[in-house]
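Nothing here was measured: the structure is a model prediction, and the numbers come from that model.
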Amino acid sequence: THEFTSMDVADRVGQAVIDTYRDATGTRLPVDLDDPTVRLEAYLYDDRFTLAIDLTGDSLHKRPYRVCEHDAPLRSTLAYSMLRIADYEPAGRLIDPMAGSATLPIEAAMTAGERVPRPDLDPMFEALPEYDGERFRRLRADHDAGADAPALDIEARDRREKWRRCARVNCEAAGVSDAVEIVAADAREASIDADCVVTNLPFGIRVSDDLRKLYTEFYDRLLEGDVDRLVALTTAPDLLPFEPTDRYVDRLADAFRRAYLTETGTYVVPPHVAAAVDDARARVGAEFADEPDADLRTRVIPAFYRHAAGFH
């Protein structure tokens, strides 16, 4: 904890940027907090301070295919990360047994087809001194997404017709209707055979049934089926009695590297990023060595990404 607030940090950082620019150029920077040309983000965690430039602009999770929204929607960027953790490959069979509005299956199909997730987004790359906006937009427009996409085996399951209709609408909006099969199935009863099962498990507003009964019956179907990998988002991991494995943090590290390469468009992880990921793996392993039941969603995953990003 600190004796100052985030507003104090913002004030000091903003003044430092203005003073430094004025000392270097003799000109005072104009400030527009409502519509800034360059947005800076300052992070302070314990004694580690990081200053970053926002090159994204509007949030990446606002996918244009999300025409029909679920009552408790999963962010598309989180869905993409879950697929990375699961090591999803287009040649494999993927099932989301509680798909809702089909965010996870759609993200899988879009990734397999190399589709641009936000074709409407104009990133804030203008903050970079040699950015060629026209060239970026031309390359994006010329990108032939899905031209060589393999045949996919993706199922979006849900027991409620309301959400299956919603899933069909979103699949059509995303242009992946041929790649995702919408299936009427109850996760408590339907058998599951897949290379990957990736799902956002119901909780809170999403479920009126007894949560323990739902998780137990779903767990039984997993054990009876043939499933290689499971990634499930839940606020109640104790109700899904899988033993944690040492491979989890390794998969998280690999997902972080892949996400970095995807975002930067490069093929080699820089040494400083690789070192940060290795450091994060070691720190998280040590931090939770005596807490095997630590909540993955609220504690382990945030801790890993905090360390990997250098905010420790």
Legend entry - Short N-O contact, Arg188 and Asp186, less than 4.0 angstrom: yes
Inset, instruction - Could you tell me the separation between the CG atom of Asp54 and the CG atom of Leu40, rounded to the nearest 0.5 Å? - result: 9.0 Å
Legend entry - Distance-minimising heavy-atom pair for Met98 and Ala187: CE-CB, 3.6 Å
Legend entry - Single hit among Leu83, Asp195, Val197, Val180 for side-chain contact (heavy atoms from CB on, under 4.5 Å) with Leu94: Leu83
Inset, instruction - For the residue pair Ile106 and Cys171, establish whether any side-chain heavy-atom pair is separated by less than 4.5 Å. - result: yes
Inset, instruction - Could you state whether Met124 and Leu51 fall into the same hydrophobic cluster, counting links through intermediate Ile, Leu, Val, Met, Phe, Trp or Tyr residues with side-chain heavy atoms under 4.5 angstrom apart? - result: no
Inset, instruction - Ignoring hydrogens and angles, tell me if any N or O in the side chain of Arg118 forms a donor-acceptor pair with the backbone of Ser59 under 3.5 Å. - result: yes
Legend entry - Heavy atoms from other residues, nucleotides or ligands near CZ of Arg137 exceed 12 (cutoff 6.0 Å): yes
Legend entry - Connected via hydrophobic side-chain network under 4.5 Å: Val176 and Leu74: yes
Legend entry - Test item: Asp19 side-chain N/O and Ala16 main-chain N/O as donor-acceptor pair under 3.5 Å: no
Inset, instruction - Mark yes or no for whether Asn170, through its side chain, and Val67, through its backbone, hold a donor-acceptor pair below 3.5 Å. - result: yes
Legend entry - OG1-CZ distance between Thr199 and Phe218, expressed to the nearest 0.5 angstrom: 6.0 Å
Inset, instruction - Find the distance between OH (Tyr219) and CG (Leu214) and round it off to the nearest 0.5 Å. - result: 15.0 Å
Legend entry - Arg157 side chain to Ala185 backbone, donor-acceptor under 3.5 Å: no
Legend entry - Interatomic distance, Arg221 atom CZ to Thr216 atom OG1 [nearest 0.5 angstrom]: 10.5 Å
Inset, instruction - Determine, step by step, whether Met7 and Asp11 satisfy the side chain to side chain contact (heavy atoms under 4.5 Å, CB included) criterion, reporting the C-alpha distance in whole Å, the side-chain angles of both residues, the deciding distance to 0.1 Å, and the verdict. - result: CA-CA 6 Å; Met7 297 298 293; Asp11 181 64; over 6 Å; no
Legend entry - Any Leu44 side-chain heavy atom under 4.5 Å of Phe4 side chain: yes
Inset, instruction - Assess whether atom CG of Asp178 is packed by more than 12 heavy atoms of other residues, nucleotides or ligands within 6.0 Å. - result: no
Review item, side-chain donor-acceptor pairs of residues 30-38, under 3.5 Å, at least two apart:
{"from": "Asp32", "atom 1": "OD1", "to": "Asp34", "atom 2": "N", "distance (Å)": "3.1"}
{"from": "Asp32", "atom 1": "OD1", "to": "Asp35", "atom 2": "N", "distance (Å)": "3.2"}

Legend entry - Within 6.0 Å of CD in Glu172, more than 12 heavy atoms from elsewhere: no
Inset, instruction - Give the intermediate values and the outcome of side-chain hydrogen bond (donor to acceptor under 3.5 Å, both in side chains) for residues Tyr215 and Thr234. - result: CA-CA 10 Å; Tyr215 279 37; Thr234 177; 2.9 Å; yes
Legend entry - Joint cluster assignment, Leu233 & Ile154, ILVMFWY side-chain distance < 4.5 Å: yes
Legend entry - Close side-chain approach of Asp71 to Trp163, heavy-atom, < 4.5 Å: yes
Legend entry - Beyond-backbone contact of Val231 with Tyr88, side-chain heavy atoms, under 4.5 angstrom: no
Legend entry - Side chain to side chain, Phe136 and Asp132, heavy atoms closer than 4.5 Å: no
Legend entry - Considering all heavy atoms, the nearest Arg140-Pro123 contact: NH1-CD, 4.3 Å
Inset, instruction - Flag the pair Asp142 and Arg138 as a salt bridge only when some basic side-chain nitrogen lies within less than 4.0 angstrom of an acidic carboxylate oxygen. - result: no
Inset, instruction - Tell me, please, which residues at least two apart from Arg165 pass salt bridge (Lys or Arg N to Asp or Glu O under 4.0 Å). - result: Glu161
Legend entry - Side chains of Arg63 and Glu107 in contact at under 4.5 Å (non-hydrogen atoms): yes
Inset, instruction - State, yes or no, whether a side-chain contact exists between Pro73 and Ser101 at a heavy-atom distance under 4.5 Å. - result: no
Legend entry - Charged N-O contact under 4.0 Å between Lys213 and Glu217: yes
Legend entry - side chain to side chain contact (heavy atoms under 4.5 Å, CB included) between Arg66 and Thr103, intermediate numbers included: CA-CA 8 Å; Arg66 300 186 70 144; Thr103 300; 3.9 Å; yes
Legend entry - From CA spacing to verdict: side chain to side chain contact (heavy atoms under 4.5 Å, CB included), Val198, Asp96: CA-CA 5 Å; Val198 186; Asp96 181 351; 5.9 Å; no
Legend entry - Spacing of Leu230 atom CG and Ile95 atom CD1 [to the nearest 0.5 Å]: 11.5 Å
Legend entry - Distance, nearest 0.5 Å, that separates CZ of Phe304 from CZ of Arg283: 12.5 Å
Legend entry - Smallest separation among heavy atoms of Pro117 and Met110, with atom names: CA-CE, 3.8 Å
Legend entry - Path from Val183 to Leu152 over hydrophobic side-chain contacts below 4.5 Å: no
Inset, instruction - Indicate yes or no for a side-chain donor-acceptor contact from Arg39 to the backbone of Gly57 under 3.5 Å, with no hydrogens or angles considered. - result: no
Legend entry - Arg28 side-chain N/O to Ile18 backbone N/O, donor-acceptor pair under 3.5 Å: no
Legend entry - Whether Asp158 side chain and Gly100 backbone form a donor-acceptor pair below 3.5 Å: yes
Inset, instruction - Indicate yes or no for a side-chain donor-acceptor contact from Ser76 to the backbone of His61 under 3.5 Å, with no hydrogens or angles considered. - result: yes
Inset, instruction - Would you name the heavy atoms of Val284 and Ala303 that are closest together and state the gap between them? - result: CG2-C, 4.0 Å
Inset, instruction - Evaluate the side-chain hydrogen bond (donor to acceptor under 3.5 Å, both in side chains) criterion for residues Asp23 and Thr20: first the C-alpha distance (whole Å), next the side-chain angles of each, then the deciding distance (0.1 Å), finally the verdict. - result: CA-CA 5 Å; Asp23 291 344; Thr20 302; 5.7 Å; no
Legend entry - Shortest non-hydrogen contact between Phe49 and Ala42, atoms and distance: CE1-CB, 3.8 Å
Legend entry - Expected output: side-chain Arg159 to main-chain Ala184 donor-acceptor under 3.5 Å: no
Inset, instruction - Is it possible for you to say whether Tyr65 and Val169 belong to one hydrophobic cluster, with membership spreading through side-chain heavy-atom contacts below 4.5 Å? - result: no
Inset, instruction - Answer yes or no: is there a side-chain heavy-atom contact under 4.5 Å between Arg168 and Ser177? - result: no
Inset, instruction - Please test Tyr131 against Leu55 for side chain to side chain contact (heavy atoms under 4.5 Å, CB included), starting from the C-alpha separation and ending with a verdict. - result: CA-CA 11 Å; Tyr131 169 63; Leu55 300 179; over 6 Å; no
